[in-house]
Number of protein chains: 2
Amino acid sequence: MATSSELGGGDLDTSEKEARIREFRRLCRERGERCTVQRRIILETVLDLDNHPSADQVFDAVADREPGIARTTVYRALDHLARLEVITKACHPGSAVRFDPRTGPHHHLVCLHCNEFVDLDHDAFDGLTIPDTSAYGFEVSDYRVHVRGMCRNCLEKTSKEESK
Amino acid sequence: MATSSELGGGDLDTSEKEARIREFRRLCRERGERCTVQRRIILETVLDLDNHPSADQVFDAVADREPGIARTTVYRALDHLARLEVITKACHPGSAVRFDPRTGPHHHLVCLHCNEFVDLDHDAFDGLTIPDTSAYGFEVSDYRVHVRGMCRNCLEKTSKEESK
DNA sequence: GCTTAAATGCAAATATGTAGCTTTAAAGAT
DNA sequence: ATCTTTAAAGCTACATATTTGCATTTAAGC
């Protein structure tokens, strides 16, 4: 049975953050792209935020650290970071792209009513056999399991509606 | 190994569609909600579209069948249908909510570059042990596996860029 | 430091989703 | 079949999320 420690997402510690930033520099060099101050600040900010922020949420957080930064820059940088796979895009049921500082294998618990979206680690989901999609021309990088349902808040709201 | 029949999503046949519409009527009655012509047309349209349409894509398709219909109505009806679980929201990495005519267990292949999103059936993904999330107050309804990576088109584009 | 192209910043456009309010019509009662 | 009630449709305006084009700045190699 699952333990409560499966749920929730911890922040990255300092050395892990530094390693990620070094990795980002390396990838930029390798591909002849630029490691600008903005991109670095944006990356650091995403690594500090743990709850799958949208681009605008990242923008708000970044604007505190680097007041002059443009919204567009944040959108473009996030896309760039995702292309480099230093962060990833999260698949979720809402409108607005979400970014995930975790790049390694893990899964998500997702509320289909309010789109709450939290990390979930669960051994039974790891090491599954991935289908062969080469005939389709698709290159698989990883997989994520979405456990879908309704969160506590939405359950309470729904039962209140019904008792009215 | 996976066969190619795992990939792609077939349309629903006529009897399956009719059953789904009856189920919709039943749920509306049960809950004292209305089975309007618009909602029925919108449901039928989603059942006919197979590729996880956005609300606007549904609106365009519906507008052909029912010219006067308002965009807002489509947004609201899709939400309603998802609440009844006659259709579901799909989790994907783009901006814009996607709807899925398939309600039963199945999985998805998703391109993290262009957000292409196709159905995937794969035995190894079925019957997994779901973690116990009751302590968290979360009520699980089902799960989906997202196999993530890059589609043929994006692979080709990327390699072209590099050879420039 | 100088050069150059990639990236930023800015402004405007587009895409996506929501709210308030009036009118229409679904569903049960008469 | 008509009447009544109220949920839902339609319309307009607004809010949020994202993209695009272009002038300006700046990272990175010489």
Side-chain angles (χ1 to χ4, degrees), chain A residues 21 24-43 45 52-63 65-84 89-90 92-99 113-115 161-162 164, chain B residues 21 24-43 45 52-63 65-84 89-90 92-99 113-115 161-162 164:
Chain A
I21 292 166
F24 164 63
R25 305 191 81 106
R26 195 185 65 71
L27 286 165
C28 282
R29 290 229 174 93
E30 185 180 298
R31 306 167 49 130
E33 293 169 334
R34 291 181 187 172
C35 176
T36 64
V37 277
Q38 290 89 339
R39 283 175 171 174
R40 238 178 317 113
I41 291 175
I42 290 163
L43 172 56
T45 304
H52 314 94
S54 68
D56 258 30
Q57 287 172 328
V58 176
F59 171 70
D60 288 341
V62 166
R65 309 183 184 195
E66 185 74 2
I69 207 161
R71 189 186 297 274
T72 325
T73 302
V74 174
Y75 276 83
R76 282 188 288 222
L78 287 170
D79 239 53
H80 179 244
L81 293 167
R83 266 199 312 279
L84 296 185
K89 288 187 183 174
H92 74 117
S95 63
V97 177
R98 302 301 185 106
F99 295 90
H113 291 247
C114 70
N115 302 335
E161 297 293 312
E162 277 165 12
K164 257 191 226 166
Chain B
I21 291 165
F24 164 63
R25 304 189 82 107
R26 196 185 65 72
L27 285 164
C28 281
R29 291 227 174 95
E30 186 180 297
R31 305 168 50 129
E33 292 169 336
R34 291 181 188 174
C35 177
T36 64
V37 278
Q38 290 88 343
R39 282 177 172 173
R40 239 178 316 115
I41 291 174
I42 290 164
L43 172 55
T45 304
H52 314 93
S54 69
D56 261 27
Q57 287 171 329
V58 175
F59 170 67
D60 289 341
V62 166
R65 309 182 184 197
E66 185 74 1
I69 207 161
R71 215 163 60 95
T72 326
T73 302
V74 174
Y75 276 82
R76 281 188 289 221
L78 287 169
D79 240 54
H80 179 243
L81 293 167
R83 266 200 312 280
L84 295 184
K89 289 187 182 174
H92 75 118
S95 66
V97 177
R98 303 301 185 107
F99 295 90
H113 290 246
C114 70
N115 301 336
E161 297 293 313
E162 277 165 11
K164 259 191 225 166

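Just so we're on the same page: letters track the sequence lines, and every chain starts at 1. Just so you know, these numbers use all the heavy atoms, side chains as well, and skip hydrogens, waters and symmetry mates.
Atom CG of B:Asp56 and atom P of D:dA17 are 16 Å apart (whole Å). D:dT16 atom P lies 16 Å from atom OH of B:Tyr75, rounded to whole Å. Protein atom CG of A:Asn115 is 15 Å distant from nucleotide atom C1' of D:dA17, rounded to whole Å. The CD1-C1' distance, from B:Ile42 to D:dA8, rounds to 11 Å in whole Å. Computed from coordinates, the A:Phe59 CZ to D:dT18 C1' distance equals 13 Å when rounded to whole Å. One interatomic measurement links the two molecules: CG of A:Leu27 to P of D:dA28, which rounds to 14 Å at whole-angstrom precision. At whole-Å resolution of the value, CD in A:Gln57 and C1' in D:dT16 are 12 Å apart.
Between A:Arg39 and B:Ala55, the residue anchored closer to the 5' end of DNA chain C is A:Arg39, taking for each the nucleotide with the nearest heavy atom. Annotation: of the two residues near DNA chain D, A:Ala96 and A:Glu33, the 5′-most nearest-nucleotide partner is A:Ala96. Between B:Arg29 and B:Val97, the residue anchored nearer the 5' end of DNA chain C, judged by the nucleotide with its closest heavy atom, is B:Val97.
Here A:Arg98 pairs with A:His52, A:Ser54, A:Gln57, A:Ala90, A:His92 under the side-chain contact (heavy atoms from CB on, under 4.5 Å) rule; sequence neighbours left out. The side-chain contact (heavy atoms from CB on, under 4.5 Å) search around B:Leu84 returns B:Phe24, B:Leu27, B:Cys28, B:Arg31, B:Glu33, B:His80, B:Val86, not counting sequence neighbours. Remark: B:Arg25 engages no residue in a side chain to side chain donor-acceptor pair (under 3.5 Å) (not counting sequence neighbours). Here B:Arg65 pairs with B:Asp48 under the salt bridge (charged side-chain N to carboxylate O under 4.0 Å, His left out) rule; sequence neighbours left out. For the side chain to side chain donor-acceptor pair (under 3.5 Å) test, residues two or more places apart in sequence or in another chain that qualify with B:Asp56 are B:Arg71, B:Tyr75. Taking B:Arg26 as the reference, B:Glu23, B:Glu30 meet the side chain to side chain donor-acceptor pair (under 3.5 Å) condition, with sequence neighbours excluded.
Here NZ of B:Lys89 is found 9.0 Å from CZ of B:Arg83. Values are rounded to the nearest 0.5 Å. Note that NE2 of A:His113 and CG of B:Asp79 are 10.0 Å apart. Values are rounded to the nearest 0.5 Å. Rounding to the nearest 0.5 Å gives a distance of 4.0 Å between CD1 of A:Ile42 and CD1 of A:Ile69.
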Between the protein and nucleotides 22-26 of chain D, list the N/O to N/O atom pairs that are separated by less than 3.5 angstrom.
{"unit_1": "D:dT26", "atom_1": "O2", "unit_2": "A:Arg34", "atom_2": "NH1", "d": "3.2"}

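Counting all heavy atoms, side chain and backbone alike, A:Thr45 lies closest to A:Val58 at CG2-O, 4.3 Å. The heavy-atom pair separating B:Val74 from B:Ala55 by the smallest distance is CG1-O, 3.8 Å. For B:Asn115 against B:Gly94, the heavy-atom pair with the smallest separation is ND2-CA, 3.3 Å.
The outermost nucleotides of DNA chain C lying under 4.0 Å from heavy atoms of chain A, listed 5' to 3', are C:dA5 to C:dG17.
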**OP:** Evaluate side-chain contact (heavy atoms from CB on, under 4.5 Å) for B:Thr73 paired with B:Arg39, printing each intermediate quantity in order.
**Re:** CA-CA 8 Å; B:Thr73 302; B:Arg39 282 177 172 173; over 6 Å; no

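From one end of the helix from C:dG1-D:dC30 to C:dT30-D:dA1 to the other, with five pairs defining each end axis, the axis direction shifts by 40° (rounded to 10°).
Of the residues in residues 65-74 of chain B, those lying under 4.0 Å from DNA chain C by heavy-atom distance are B:Arg71, B:Thr72.
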